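Working notes, beginning with the structure itself.
First the proteins, then the strands, lettered A, B, ... as listed; each starts at 1. None of the values given here were measured: they were computed from a predicted structure.
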Amino acid sequence: MYGRARGFFCLVLLCACVLGARGERPFSNDWGLADIDTVRIAVPDTPLTVQACDPAAQDCARLEISGRWLSVGGTRQDAKDNTENGRLDFQSEGGFALVTAVKSLDVQDLLDLEIESIRLPWDRALELATGVGHVTVDGVDADLSVETEVGDVDVDAGVGNVLVRTDQGVVRVQSGGVADLRSGSGGVELLQDGAARDAFIHTGYGNVVVEIAADANLELFIRAPGRIDVKTNLINTITSGDFWRETGNGTTRIEVISQWGNVAVRMYDPD
Amino acid sequence: MTNGERTGERQPVGRVSQRLWPRRLPGVWRPLYEGAVLRVTLALALAAIPLAEVAAAPDPGDPPVPGDSGDSGDPGDPEEASRGHIVLGPGFSGTVEVLDEAGAVVVTMTLRPERRLGVDLPPGTYRVRAADGTVVDTIKLAPGGSEVAELPPGMEGPPPPAVLPSVPVPPPPAPPDTVDPVADPGSRPADPGRSWRRWAAPLLSALIPGVGQMVNKEPGKGVGVLVSSLGLAVGSIALLRARDPFDGAGGHRDDTASDSQEIVTLGAYAGFTGALSLLYVGQILDAARVATGKGVTPRRKYRINLDVTRMTTIGYRAGQPAYALYNDWTVSVLGQAVRRLTVGVADIGFKGINARSRTTFQAGLRVGYRMFDRKRLWLNLAVGSIFQGTTAAGRPIQIDLSEPPPADNSRFGATLYGQVDLRFFVLNRWSLNLIPRFSIPMTTRYYSFDRSLPRFAPTFELGTGAGVYF
């Protein structure tokens, strides 16, 4: 009798499950960007991969976003129908455009957006915001802003300013503009491949590597409990804690703060 | 004094049923009892309800209650073997008579709140008559069966003046075989010098699991509870931290955990947290029970039953991670309309805390029937429906604020379900509940933490919780 009772309870414990089906619908949207100089894409959890193109090219005058809607449903038909209950919404006003994901209340947690590629002219400023998702940006030459809760950020940009915020993830940026990079937990790597620009880097837990474009007029401030290793043309030191050094008139400020990690500063080497 | 009347003194012919309250619970129930259970929020919610009958002080004048009284019957006698057992009390006072089918008084008993009386009788139908002459319960006694007399609430409390009706009572056809305080093997003789344990033991167990058992001079059980609680807590935290925060960050093809890994991890987490909450609650109640030295007789004649329940299931979700844990914390208030039948408002809950996208209020109706109640275990079957009203939190970003907000911002939904309700009584008025449920949402069903399940998705849930009976 007790054996049967045990079997019954095992069955009970195994029966905490849900039956249903999954659905999927690919999509591709594009919108014109005439008179638009800044585009903000604010979407829920999804990876974002941006490839900028030459605005002079004939096929590069619009914002193109493609991906897929993933859904669940109690039946196959419901799962399929649920994929139709989500869309990307494009609004614009005064040179600013906003792209958001719109899902009906019924399917808010039953429908997932997954953006596979974003394409737009490189001269448009871009703001990206998502929840959980890796972000990759390549070729944007205007100002760039990336905000993600969890995910790595990899940016290969032009001369525009770059701002990155991630709560958890590794940040890697190659840019010729001013960089403001923050990661709650994760390493940060900045490569300054243009002229000397200001850079502000904060990370809670992770190592920081900075390759600066020039050190002739530099104000360098580093705070890290780990190893601070600076080897540039004018500065050569290994220390820990706080480090401050100014060269020339100090017009370019590099500020690095790591709550828990090491910091290395080098001269940028294109090779 | 009528023939066979007992007034609280232990009779030399006493015969104690050993089957009603076994010293040790058998097999599968033992973990629920000894291991038993709780979560802080649940404890705080339930702690406001007085442990009235637990705190009832035993009468120091009581004779010691034997745990292993001798059996005066002849086990080889078929008639003896076929006799049933009727139990009255504890918790009641006054004088009652047990009448057979012919209306003859077979035994008269004086009840005292702190005592439980039992009588062995041949199979048949018996009526229990109060001192004012009203029949308060009718009992069908099966061969070898055991029944607890359901006495009215008016007989609870201190004993009224025992005045029997002056009508002549015909002599019983045969003297009662046994009228004797029923020993509860799980109970202990009261220790008048340690009355502080009655409140200190459960309080200490609420603060640190197992300490109440240690205070009750059960160090082995106390250490077991403490170690089990720590193990379950550490295991739950470890399982929570084992989740990869980057799972799905690269899209559905970037699945860092297989489906089976996700399901096993979620299942283990649900099991650990459910067991921890049950263990926490149960060990507090167990400490109270042992400290008072009382046995457990589930209170069948209750009016209101208050339950706190966590329903849990593991279900799919769109995107990555592919599976999620769906939790639903609710309160139910059920009334016993007639014997065994319960009706009430159930599944009352609010889902707005930690929810970023919506707010949901829910309540439902439930009808249940107690199919089985033996010893400390009840089994109810119930059906019901959950109604949910949901409103989207905030409004989507709009560049043009002059445009009206979207009308699609509220929903009303319903979910139908049937459930098996297993209740294990730790005290007379307190039970730990294990509730397998099958439900089908007629519309999208919303859970805590912004989770939801689609309509028409057959859902198996497992509920854990505690109940109290007034």
Side-chain angles (χ1 to χ4, degrees), chain A residues 1-3 5-6 8-9 11-24 40 42 45-47 67-75 78-79 82 89 91-94 96-98 100 102 104-116 132-134 148 150-152 168-169, chain B residues 26-29 245-254 263 267 270-271 312-320 322 324 326 357-358 390-392 396-400 406 408-411 413 420 422 434 436 438 440-441 443-444 446-447 450-462:
Chain A
M1 176 183 175
Y2 298 138
R6 287 194 188 94
F8 172 74
F9 269 89
L11 185 63
V12 165
L13 291 169
L14 287 173
C15 283
C17 61
V18 183
L19 307 179
R22 295 182 184 276
E24 181 176 324
R40 177 175 176 81
D45 300 353
T46 175
R68 62 190 64 235
W69 290 98
L70 305 167
S71 72
V72 293
T75 63
D78 270 4
N82 284 343
D89 184 46
Q91 308 170 62
S92 65
E93 185 186 72
F96 176 77
L98 173 66
T100 55
V102 178
S104 71
L105 187 58
D106 282 336
V107 297
Q108 273 187 357
D109 192 48
L110 309 178
L111 187 59
D112 186 60
L113 170 66
E114 188 171 311
I115 292 177
E116 292 174 343
V132 177
H134 297 317
T148 177
V150 176
D152 298 338
Q168 195 169 0
Chain B
V28 70
W29 306 117
F246 290 92
D247 190 10
H252 74 287
R253 294 188 180 89
D254 182 32
I263 291 170
T312 301
T313 191
I314 298 166
Y316 47 47
R317 63 181 295 272
Q320 289 294 336
Y326 294 84
S357 59
R358 59 178 172 262
T390 301
T391 303
I397 302 171
Q398 283 182 276
I399 289 180
D400 187 357
D408 178 35
N409 62 355
S410 62
R411 285 288 185 277
V420 179
L422 297 167
L434 186 66
F438 175 73
I440 295 184
T443 55
T444 299
Y446 300 97
Y447 286 81
D450 276 341
R451 299 286 187 216
S452 59
L453 286 175
R455 66 173 184 167
F456 305 147
T459 306
F460 296 90
E461 298 172 88
L462 189 61

Problem set entry | Where A:Pro47 and B:Ala249 come nearest, the two heavy atoms and their spacing | CB-O, 3.4 Å

Problem set entry | Which atom of B:Tyr446 lies closest to which atom of A:Leu105, heavy atoms considered | OH-O, 3.0 Å

Seminar exercise, completed: Heaviest contributor of heavy-atom pairs below 4.5 Å to chain B, chosen from A:Thr148, A:Asp78, A:Asn82, A:Val107, is A:Asp78

For this session: Give the C-alpha distance, both sets of side-chain angles, the deciding distance and a yes or no for side chain to side chain contact (heavy atoms under 4.5 Å, CB included) between A:Asp109 and B:Arg317.
Result: CA-CA 7 Å; A:Asp109 192 48; B:Arg317 63 181 295 272; 4.2 Å; yes

Exercise. Given the rule in the side chain to side chain contact (heavy atoms under 4.5 Å, CB included) test, do B:Asp450 and A:Gln108 qualify, once you have shown the distances and angles that lead to the verdict?
Worked result: CA-CA 9 Å; B:Asp450 276 341; A:Gln108 273 187 357; 5.8 Å; no

Seminar exercise, completed: Checked A:Leu113, A:Thr75, A:Asp152, A:Leu110 vs chain B; the most non-hydrogen pairs under 4.5 Å come from A:Leu110

For this session: Check each atom of A:Ser92 against the heavy atoms of chain B and say whether the ones under 4.5 Å are side chain, backbone, both or neither.
Result: backbone

Seminar exercise, completed: In this structure, CD of B:Gln320 is separated from CG of A:Asp45 (nearest 0.5 Å) by 11.5 Å

For this session: Write down the atom of A:Gln168, the atom of B:Pro245, and the distance for their closest heavy-atom approach.
Result: NE2-CG, 3.6 Å

Exercise. Say you draw a straight line from OH of B:Tyr316 to OG of A:Ser71; how long is it, rounded to the nearest 0.5 Å?
Worked result: 9.5 Å

Problem set entry | Minimum heavy-atom distance between B:Arg411 and A:Ser104, given as atom pair plus value | NH2-CB, 4.5 Å

Problem set entry | CZ on B:Phe246 to NE2 on A:His134, rounded to 0.5 Å | 6.5 Å

Problem set entry | Under 4.5 Å from a heavy atom of chain A, the part of B:Thr443 involved | neither

Exercise. Of the non-hydrogen atoms in B:Thr313 and A:Cys17, which two are nearest, and what is the gap between them?
Worked result: OG1-N, 3.1 Å

Exercise. Using non-hydrogen atoms only, which part of B:Phe438 is less than 4.5 Å away from chain A: side chain, backbone, both, or neither?
Worked result: neither

For this session: Can you tell which part of B:Thr312 gets under 4.5 Å to a heavy atom of chain A, answering side chain, backbone, both or neither?
Result: backbone

Exercise. Which atoms of A:Ala21 come close to chain B, meaning under 4.5 Å heavy atom to heavy atom: side chain ones, backbone ones, both, or neither?
Worked result: backbone

